[in-house]
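First comes the structure, then the notes that go with it.
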Amino acid sequence: MPSLSHDAFDLHSADQVPDSYSWPSSVLHDHPAAAPDSVDSIPVIDISSPSAASLVGAACRSFGVFYATGHGVPSDLLGDVESQARRLFSLPLHRKLLAARLPGFLSGYGRPPLSSFFPKLMWSEGFTLAGDPLDVSGDIWSHDQYSLFCEVTEKYKRWMKRVAEKLLNLMLHSMGLDDEMTDRAGLMKEMILAVDALQLNSYPPCPEPEKAMGMAPHTDSGLLTVLHQNGGAHGLQILRGENGSCPARWVAVPPLAGALVIHVGDLLQILSNGQFRSVRHRAVVNAAEHRISVAYIIGPPEHVKVGPIRRLIKAGQSPMYRSVTWPEYLAIRARLFDKAIQCVELPAK
Ligand SMILES: C=C1C[C@]23C[C@@]1(O)CC[C@H]2[C@@]12CCC[C@@](C)(C(=O)O1)[C@H]2[C@@H]3C(=O)O
Ligand SMILES: O=C(O)CCC(=O)C(=O)O
Ligand SMILES: [Fe+2]
C-alpha cells in the first residue's frame, strides 16, 4: 500500500494549518527578506543573443539563478503544461493517491522527497514524472482522459531538453571551453542520453500562510533545473549571499511573463569545479491563489561520472570534488541531504 495514504491530509479543503504543518517562525524567518528593488535583482538574459554566454556565466557565478528569455518554447505550450498540471491536481485526493510514489521509485504522487528531512510538513503536493507520463497518469485516468496530458508533457519535456542543452552549451562556453573541447570531453554528446524528470508542484491556497512552508530550502541535485511558474502567484525565493561577506537574505523570484527560471544544480557546481554555485531556494505560500510550478530537472546519463572538468583546473590547483554518477549522488543526498556536496569535496592539496 502506498506510504502516503494513511496520513494523507487534503490541503485543498483545509480551513486552518494543523500543527504538523506549522513551521516555527525562527525557521521561516531565518534570514531577512531582501527589499524588492535592491541590488539583488535576478538577471534576465536573452539566451538567443550573441552576448548570452558571458551573461549566463556571470549569473551562474554570482547568483546561481537567472531568468531566461529568447528560449523559443511556444507560449501556448507553457500555458498547456500548466493547465494539464492544474487539471491533475484538481482531482480529489483519493484519485491522486492511486498514483502515490512507491518506496524506491522516482515517479508518482506525494510529498517532494526532501520532506523527510524536515520535522514539519510542507504545504505542497507534487507529481514526479521521471519516465513515461503514462506510468503516473494511467493509474488515475482512462485513455480518453490521459492522452492529452501525456501528449503535452512529452512535448514539453522535448522542448525542455532542447533548452537545457542550449544552456549547458552556453555555460561551458562561458567557462572558456569551445565546441571542440566540449565534444572531446564527450559532455554534450553524453547529454543525448541525459536523465531527466518533470516535477509538477502544487501549492494550494493556505488559510494561514505566515505559518506554512510551501517547499523547504534546498538545492537541486542535477546539472540544472528549468522552472516554469504560473502567471500571478509569487512564491519562489532564493537565498542570496550565503557564502559572502553580506548577511544572507531571501530574494523573491516572481513570475516574469514568458521567462523561464534557471537554477544551477549541485552536479554543475561539481562539473565547474566550484566556479558555479548551486542555489539554495524555497517556496512560500499565499492565501489567495493556487500556485503551480513545473520544474524540469536534468542530469547526465546514469553511468556517467561527473567530476570537475580537467581544463578548468588551473596549474598548481587540485580538483575540489571527487567524481560521482547522478544515482550515486542521489543516494548520498538521501542520507545526508544538504551536506551531500561536502561529502564529495576533496581536501585542498
Ligand atoms: C531526480 C530527482 C531530483 C529530485 C529527486 C528526484 O528523484 C525527483 C524529484 C526531484 C525533487 C523535486 C523537488 C525538490 C527536490 C530536492 C526533491 O525533493 O525532489 C528535487 C530532487 C533533487 O533535485 O535532488
Ligand atoms: O515551486 C517553486 O518555485 C520551486 C520548486 C522547486 O524548487 C523544485 O521543484 O525543485
Ligand atoms: Fe528546487
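Every number for a ligand or one of its atoms is a count from 1 in the order of the listing.
- Rounded to the nearest 0.5 Å, atoms CG (D220) and CG (L267) are 10.5 Å apart.
- For atom 6 (C) of ligand 1, the nearest non-hydrogen atom of the protein is L106 CD2, 4.3 Å.
- Rounding to the nearest 0.5 Å gives a distance of 10.5 Å between CE of M320 and CD of Q275.
- Between the CD1 atom of I298 and the CG atom of L168 there is a distance of 8.0 Å, given to the nearest 0.5 Å.
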Within the protein, flag every N or O under 3.5 Å from an N or O of ligand 2, and note the pair and distance.
residue, atom, partner, partner atom, Å
ligand 2, 1 (O), Y203, OH, 2.6
ligand 2, 1 (O), R291, NH1, 3.1
ligand 2, 1 (O), S293, OG, 2.7
ligand 2, 3 (O), R291, NH1, 3.3
ligand 2, 3 (O), R291, NH2, 2.8
ligand 2, 7 (O), H218, NE2, 3.2
ligand 2, 7 (O), H281, NE2, 3.0
ligand 2, 9 (O), N201, ND2, 2.9
ligand 2, 10 (O), H218, NE2, 3.4
ligand 2, 10 (O), D220, OD1, 3.2

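- The protein atom (non-hydrogen) at minimum distance from atom 17 (C) of ligand 1 is P113 CD, 3.7 Å.
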Stepwise side-chain contact (heavy atoms from CB on, under 4.5 Å) test for M160 and L77: CA-CA 11 Å; M160 285 297 109; L77 184 58; over 6 Å; no
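- From the protein, the heavy atom lying nearest to atom 16 (C) of ligand 1 is R333 NH2, 3.4 Å.
- In this structure, K155 does not pair ionically with D80, as no charged nitrogen and carboxylate oxygen lie closer than 4.0 Å.
- Between L78 atom CG and Q229 atom CD the span is 12.0 Å, to the nearest 0.5 Å.
- Taking the six-membered ring for Trp and thresholds of 30 and 60 degrees, H290 and H12 have ring planes more than 60 degrees apart, a perpendicular arrangement.
- Distance NE2/H29 to CD/E210: 8.5 Å, rounded to 0.5 Å.
- When S221, S278, S293 are checked for heavy-atom proximity to atom 24 (O) of ligand 1, S221 turns out nearest.
- Applying the 4.0 Å criterion to heavy atoms of D220 picks out, from ligand 1, the atoms 23 (O).
- T128 CG2, 3.6 Å is the protein heavy atom nearest to atom 8 (C) of ligand 1.
- Between the side chains of S124 and N201, not a single donor N or O lies within less than 3.5 Å of an accepting N or O.
- Within a 4.0 Å radius of atom 20 (C) of ligand 1, the protein contributes no heavy atom.
- Closest to atom 9 (C) of ligand 1, if we only count protein heavy atoms, is Q199 OE1, 3.6 Å.
- Clustering ILVMFWY residues whenever any of their side-chain heavy atoms sit less than 4.5 angstrom apart, transitively, puts V163 in the very cluster that holds V294.
- Aromatic ring orientation, W23 versus F118: tilted (interplanar angle from 30° to 60°).
- Tested against Y109 for a side chain to side chain donor-acceptor pair (under 3.5 Å), the candidates R101, E125, R95 yield a single pass: E125.
- Protein heavy atom nearest atom 14 (C) of ligand 1, with residue, atom name and distance: H218 NE2, 3.6 Å.
- When the heavy atoms of W326, F117, F105, F127 are ranked by distance to atom 1 (C) of ligand 1, first place goes to W326.
- Here OG of S54 is found 10.0 Å from CG of L170. Values are rounded to the nearest 0.5 Å.
- At a heavy-atom distance under 4.0 Å, only side-chain atoms of I297, from C-beta outward, approach ligand 1.
- Taking every heavy atom of both residues into account, W123 and P205 meet most closely at NE1-O, 3.5 Å.
- If you check which protein heavy atom lies closest to atom 18 (O) of ligand 1, you get L114 N, 2.8 Å.
- Aromatic ring orientation, W141 versus F149: perpendicular (interplanar angle above 60°, classes split at 30° and 60°).
- The Fe ion (ligand 3) has H218 NE2, D220 OD1, H281 NE2 as protein N, O or S atoms under 2.8 Å away.
- Of all the heavy atoms of L330, the ones lying under 4.0 Å from any atom of ligand 1 belong exclusively to the side chain.
- Under a hydrophobic clustering in which Ile, Leu, Val, Met, Phe, Trp and Tyr are joined whenever their side-chain heavy atoms come within less than 4.5 Å, directly or via other members, V284 and V17 fall into different clusters.
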